[in-house]
Amino acid sequence: MMTTTQQHSTKQDILQYLLREGKATALELADSLEVSPQAIRRHLKDLEAEGLIQYRSLQSGMGRPQHIYELTTQGRDRFPNRYSEFAVSLLDTLTETVGRDGVIALLEKQWERKAMEYRRLLGVGSVQERVAKLVEIRRNEGYMAEYHPVETNNFQHQDAVNQLMFLEHNCAISNVAETFPSVCGNELEMFAAVLPDCTVERTQWIINGEHRCGYLITSQCRNQDL
């Protein structure tokens, strides 16, 4: 019999999987988490009752429709968010004091200071080593971050460019970004500043309704290891 602690752990695993992947069926969850489909469906029913997940039905062929599960806003809020409502309230007060342009300038200055601190923490090393350190830093700040190399089929070209995908499955400053979307631009500039030998391009954006933020990091050094 599964204990209460095990049940809590499995439910948390489900929430983390949906945060990372965006959506999944019960069978995909069962396979990935190595839990029986029957147990997964019980957990999904509980999580839905708690308002943490929702599903939509997808008809495929003549059989029964599949349920595709994803997190609700309440489910996403289960993950760390350090700034939240207090930060937005503080920025609103600053806006009344120094004006919106003044607040945007202050935020830009803050990101510049953060970039300098990141550069110091990342130190020297290969691009992959520095991105791995960046992932660790961001996780400590409340982000569910990860990275992976980008595979290409361009083997015949000697000057193939090395690339990494940097992903953040939640946004620790989502409330701030909704009110001051300029911080997302500042964040992109910050990543580019801390990896000066790379180009950094945003490929996915939570503010645009996508389930994560993604950044394509391209090394400017060809024919060299990341």
Side-chain angles (χ1 to χ4, degrees), residues 16-23 70-71 73 75-77 79-84 87-88 91 100-101 103-122 125-154 160-222 224 226:
Q16 289 182 344
Y17 185 93
L18 293 177
L19 180 67
R20 184 174 63 251
E21 300 299 330
K23 59 185 178 181
E70 58 188 6
L71 295 179
T73 299
R76 284 186 172 275
D77 288 344
F79 293 89
N81 189 329
R82 288 189 171 182
Y83 302 95
S84 192
V88 174
L91 291 173
R100 189 174 182 85
D101 289 343
V103 172
I104 290 174
L106 286 172
L107 289 170
E108 184 174 355
K109 187 66 176 179
Q110 172 65 19
W111 285 109
E112 289 174 357
R113 293 180 60 183
K114 199 173 186 68
M116 292 175 61
E117 177 67 6
Y118 277 14
R119 284 282 295 272
R120 182 185 68 81
L121 293 173
L122 294 185
S126 69
V127 175
Q128 185 164 337
E129 289 170 341
R130 284 176 282 150
V131 171
K133 289 181 182 178
L134 180 61
V135 165
E136 182 180 354
I137 292 170
R138 299 293 278 182
R139 285 178 177 174
N140 290 335
E141 293 182 353
Y143 293 84
M144 188 175 176
E146 64 179 5
Y147 81 95
H148 60 78
V150 176
E151 297 181 2
T152 66
N153 296 320
N154 204 13
V161 177
N162 291 315
Q163 294 180 318
L164 295 171
M165 183 62 71
F166 175 73
L167 301 170
E168 293 183 333
H169 299 284
N170 66 325
C171 180
I173 58 168
S174 58
N175 289 346
V176 176
E178 288 174 2
T179 306
F180 295 91
S182 62
V183 299
C184 295
N186 296 148
E187 190 172 65
L188 178 60
E189 292 172 2
M190 179 189 69
F191 290 147
V194 301
L195 298 167
D197 52 342
C198 301
T199 58
V200 183
E201 174 189 2
R202 181 186 288 114
T203 58
Q204 294 172 286
W205 196 9
I206 291 175
I207 295 298
N208 274 356
E210 296 179 86
H211 72 278
R212 64 189 178 189
C213 287
Y215 301 87
L216 180 65
I217 298 172
T218 304
S219 172
Q220 295 176 357
C221 300
R222 298 172 181 268
Q224 295 186 19
L226 284 172

### Task
May I ask you to say whether Lys133 pairs ionically with Glu136, meaning some side-chain N is under 4.0 Å from a carboxylate O?
no
### Query
How far does CD1 of Ile104 sit from CG of Asn186, to the nearest 0.5 angstrom?
9.0 Å
### Query
Do the rings of His169 and His211 sit parallel, tilted or perpendicular, given the 30° and 60° boundaries?
parallel
### Donor-acceptor side-chain pairing of Tyr147 and Gln128 below 3.5 angstrom
yes
### Query
Hey, are Glu187 and Arg138 close enough for a salt bridge, meaning a charged N less than 4.0 Å from a carboxylate O?
yes
### Query
Just wondering, do Lys114 and Trp111 contact through their side chains at under 4.5 Å, heavy atoms?
yes
## Note on the structure
Rounded to the nearest 0.5 angstrom, the CE-CG distance for Met190 and Leu195 is 10.0 Å
### Query
For the residue pair Cys198 and Ser219, what are the closest heavy atoms and their distance?
SG-CA, 4.0 Å
### Task
May I ask you to test the Pro196-Arg119 pair for a side-chain heavy-atom distance under 4.5 Å?
yes
### Task
Can you measure from CG (Leu106) to CZ (Phe180) and round to the nearest 0.5 angstrom?
10.0 Å
### Task
With rounding to the nearest 0.5 Å, note down the distance linking CZ in Arg20 to CG in Asn170.
12.0 Å
### Query
Rounded to the nearest 0.5 Å, how far does OG1 of Thr218 lie from CE of Met165?
8.5 Å
### Query
Going by atom types only, do Tyr118 and Arg130 share a side-chain donor-acceptor pair under 3.5 Å?
no
### Message
Is there a side-chain contact (heavy atoms from CB on, under 4.5 Å) between Phe191 and Leu134? Walk through the geometry before answering.
### Response
CA-CA 9 Å; Phe191 290 147; Leu134 180 61; 4.0 Å; yes
### Task
With side-chain contact (heavy atoms from CB on, under 4.5 Å) as the test, would you mind laying out the steps for Thr203 and Tyr215 before giving the verdict?
CA-CA 6 Å; Thr203 58; Tyr215 301 87; 6.0 Å; no
### Query
How long is the span from the CG atom in Asn140 to the CG atom in Leu121, to the nearest 0.5 Å?
10.0 Å
### Message
Run Leu167 and His148 through side-chain contact (heavy atoms from CB on, under 4.5 Å) and show every step you take.
### Response
CA-CA 9 Å; Leu167 301 170; His148 60 78; 4.0 Å; yes
### Summary
Between Glu168 and Ala145, the two heavy atoms sitting closest are CG-CB, 4.1 Å
